[in-house]
Participant: 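Structure in structure tokens, see below.
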Amino acid sequence: MVEEIFQRHKEVVLFYSGGKDSLALLLLLKPYWERVTVVWVDTGNQFPEVLEHMAKVAALVPHFIKLKGDTPGFLAKNGFPVDVVPTRATTFGQFAFGPTQTTVCNRFECCNANLWGPMQAFLFATKPTCVLRADRQTERVKGPSQENGIEFCFPIWRWTDEQVWEFLRLEAGDLLQDRHFMKHGTSLDCQTCMAYNEEIPERLEYLAAHHPKLHEQTVTFFKSYKSLVASELEKLEVLK
């Protein structure tokens with residue numbers, strides 16, 4: 001599939017997250033690196049190990065572009081991104097009903113402002129003909145193959161976890177980090193992400209091992225947040 005893509009396109013863009021799937025795709029493209037622009041979005045609140053990894057990648061590939069998000073600024077205005085949103089704890093909810101013990105927002109608002117928005121702006125400004133993504137069918141719904149004149153390709157869409165790891169063990173070398181061995185959320189896009197509930201238990205284990213202070217702060221947040229959600233659910237007890 002990769003060869004066919006480069007037969008159709010002189011150059012391509014790879015949106016690179018630094019997670020294990022993204023790393024596998026980057027290494028799969030190695031014979032074509034001269035024709036690949038690797039684009040990474042720095043959310044503005046990165047883990048030090050991610051910055052270290054990106055510095056290595058930037059030194060390896062011929063064309064590396066860093067885009068910028070502003071997670072700290074977003075959090076100051078909107079609160080922490082979560083999956084289940086008690087609306088009274090949002091900025092508007094507190095404007096209408098008074099302050100709560102913590103402030104939260106829809107996770108997609110944060111991702112859009114600090115990840116997808118910069119990506120979209122980059123595409124609008126540069127107008128590439130092809131974008132490569134490392135999405136796989138075991139993890140999400142496949143995105144569109146064409147949009148606004150851009151072909152979106154998913155070269156490892158059918159790869160299994162086993163295939164990804166077989167390839168990484170052969171090719172990744174010192175680009176692999178401890179975070180890559182987590183089952184979910186290996187890109188660690190932001191230190192202050194409180195969303196993606198299915199990833200939280202493993203993320204907390206990782207934080208406890210590698211970032212104990214951040215682990216303590218995260219646990220404190222979740223205790224407060226859990227209390228907020230529980231208080232809203234209690235109002236539905238009448239439905240028993």
Side-chain angles (χ1 to χ4, degrees), residues 15 17-23 41-47 49-50 69-94 100-117 119 133-143 160-161 164-165 177-237 239-240:
F15 278 133
S17 72
K20 74 177 191 304
D21 296 337
S22 197
L23 176 57
V41 183
D42 178 355
T43 60
N45 195 9
Q46 288 288 347
F47 285 84
E49 57 266 42
V50 174
D70 181 20
T71 301
F74 180 90
L75 295 182
K77 293 179 181 178
N78 302 283
F80 291 98
V82 294
D83 284 4
V84 180
V85 182
T87 56
R88 287 175 180 266
T90 63
T91 52
F92 185 82
Q94 293 179 62
T100 55
Q101 54 193 309
T102 192
T103 305
V104 298
C105 65
N106 184 322
R107 78 185 194 189
F108 295 128
E109 294 174 4
C110 187
C111 286
N112 187 56
N114 297 294
L115 279 173
W116 308 328
M119 289 179 182
R133 297 294 305 269
D135 299 350
R136 293 190 297 118
Q137 63 182 348
T138 57
E139 297 182 345
R140 64 180 63 202
V141 174
K142 194 174 187 179
T160 63
D161 278 343
V164 170
W165 275 112
Q177 297 177 321
D178 286 351
R179 64 188 172 91
H180 288 120
F181 293 90
M182 294 193 295
K183 187 174 181 181
H184 300 290
T186 61
S187 59
L188 290 181
D189 295 310
C190 183
Q191 292 191 54
T192 47
C193 183
M194 304 297 177
Y196 300 90
N197 287 345
E198 68 278 4
E199 301 174 5
I200 288 169
E202 193 175 25
R203 182 184 176 100
L204 287 174
E205 288 182 13
Y206 180 86
L207 293 181
H210 296 275
H211 303 280
K213 185 176 180 180
L214 182 57
H215 173 266
E216 181 181 345
Q217 295 168 345
T218 303
V219 169
T220 298
F221 167 83
F222 276 123
K223 288 179 179 178
S224 175
Y225 167 64
K226 188 176 179 180
S227 174
L228 279 172
V229 174
S231 67
E232 291 297 320
L233 291 176
E234 284 175 4
K235 298 170 186 175
L236 300 178
E237 289 295 306
L239 299 176
K240 278 187 174 181

Participant: Closest heavy-atom contact between Val41 and Met119?
Facilitator: CG2-CG, 3.8 Å
Participant: Cation-pi between Arg133 and Phe15: NZ/CZ under 6.0 Å from ring centre and within 45° of the ring axis?
Facilitator: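 No; the conditions do not both hold, so Arg133 does not lie above the ring face of Phe15.
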Participant: Looking at Asn45 and Pro72, would you say the former's side chain and the latter's main chain have a donor-acceptor pair under 3.5 Å?
Facilitator: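 Side chain of Asn45 to backbone of Pro72: no pair is present.
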Participant: How long is the straight-line distance from CD of Glu205 back to NE2 of His215, given to the nearest 0.5 Å?
Facilitator: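 Going from NE2 on His215 over to CD on Glu205, the span is 9.0 Å.
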Participant: For the CG atom of Leu207 and the NZ atom of Lys213, what is their distance to the nearest 0.5 Å?
Facilitator: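 NZ of Lys213 is found 14.0 Å from CG of Leu207.
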Participant: Give me the atom names and distance for the closest heavy-atom approach of Val50 to Ser187.
Facilitator: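 Distance-wise, the nearest heavy atoms are CG2-O, 3.7 Å.
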Participant: Can you check whether Phe74 reaches Thr192 side chain to side chain, under 4.5 Å on heavy atoms?
Facilitator: no
Participant: Around atom CD of Gln217, are there more than 12 heavy atoms from other residues, nucleotides or ligands closer than 6.0 Å?
Facilitator: yes
Participant: Nearest 0.5 Å, what's the OG1-CD distance between Thr87 and Gln94?
Facilitator: 11.0 Å
Participant: Enter the distance from Asn112:CG to Arg107:CZ here, rounded to the nearest 0.5 Å.
Facilitator: 13.0 Å
Participant: Nearest 0.5 Å, what's the CZ-OG1 distance between Phe80 and Thr103?
Facilitator: 9.0 Å
Participant: Measure across Tyr206 and Leu188 and return the closest heavy-atom pair with its distance rounded to 0.1 Å.
Facilitator: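 Result for this residue pair: CE2-CD1, 3.6 Å.
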Participant: Any donor and acceptor pair, going by atom type alone, linking the side chain of Thr91 with main-chain N or O of Asn78 inside 3.5 Å?
Facilitator: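 No.
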Participant: Rounded to the nearest 0.5 Å, what separates atom CD in Glu202 from atom CZ in Phe181?
Facilitator: 12.0 Å
Participant: For Tyr196 and Asp83, indicate whether the former's side chain and the latter's backbone hold a donor-acceptor pair under 3.5 Å.
Facilitator: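 No, the answer is negative, given that no donor and acceptor are paired below the 3.5 Å cut-off.
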Participant: Among Arg179, His211, Gln177, find the one that has a side chain to side chain donor-acceptor pair (under 3.5 Å) with Glu49.
Facilitator: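 Exactly one candidate clears the test, His211.
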Participant: Give a yes or no on whether the backbone of Gly19 and the side-chain of Thr186 come within a donor-acceptor separation of less than 3.5 Å.
Facilitator: no
Participant: Quick one: do Leu214 and Gln191 satisfy side-chain contact (heavy atoms from CB on, under 4.5 Å)? Show the steps, please.
Facilitator: CA-CA 8 Å; Leu214 182 57; Gln191 292 191 54; 3.6 Å; yes
Participant: Looking at Asp161 and Arg136, is any side-chain nitrogen of the basic one under 4.0 Å from a carboxylate oxygen of the acidic one?
Facilitator: yes
Participant: Identify the heavy atoms of Glu109 and Cys105 that sit nearest to each other, and give their distance.
Facilitator: OE1-CB, 3.6 Å
Participant: Would you call Lys235 and Glu232 a salt bridge, using N to O less than 4.0 angstrom?
Facilitator: yes
Participant: Which atom names give the shortest non-hydrogen contact between Met194 and Thr218, and what distance separates them?
Facilitator: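 In terms of heavy atoms, the two residues are closest at SD-CG2, 3.7 Å.
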Participant: Are the side chains of Leu75 and Pro81 in touch, meaning some heavy atoms are under 4.5 Å apart?
Facilitator: yes
Participant: I'd like to know if the side chain of Gln46 reaches the main chain of Asp189, judged simply by a donor and an acceptor atom lying under 3.5 Å from each other, with no hydrogens or angles considered.
Facilitator: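 Checking the backbone N and O of Asp189 against the side chain of Gln46, a donor-acceptor pair under 3.5 Å is found.
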Participant: Closest approach of Ile200 and Phe222, non-hydrogen atoms and distance?
Facilitator: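 Closest pair (atom of Ile200, atom of Phe222, distance): CD1-CZ, 3.4 Å.
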Participant: Strictly distance-based, threshold 3.5 Å: is any side-chain N or O of Asn114 a donor or acceptor partner for the main-chain N or O of Cys110?
Facilitator: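 Yes, because the side chain of Asn114 sits within donor-acceptor range (under 3.5 Å) of the backbone of Cys110.
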Participant: Step by step, work out the side-chain contact (heavy atoms from CB on, under 4.5 Å) result for Arg88 and Leu228.
Facilitator: CA-CA 9 Å; Arg88 287 175 180 266; Leu228 279 172; over 6 Å; no
Participant: Between Trp165 and Lys20, is the side-chain contact (heavy atoms from CB on, under 4.5 Å) condition met? List the steps.
Facilitator: CA-CA 8 Å; Trp165 275 112; Lys20 74 177 191 304; 3.7 Å; yes
Participant: Before giving the answer on side-chain contact (heavy atoms from CB on, under 4.5 Å), spell out for Leu23 and Val164 the whole-Å C-alpha distance, their side-chain angles and the decisive distance to 0.1 Å.
Facilitator: CA-CA 9 Å; Leu23 176 57; Val164 170; over 6 Å; no
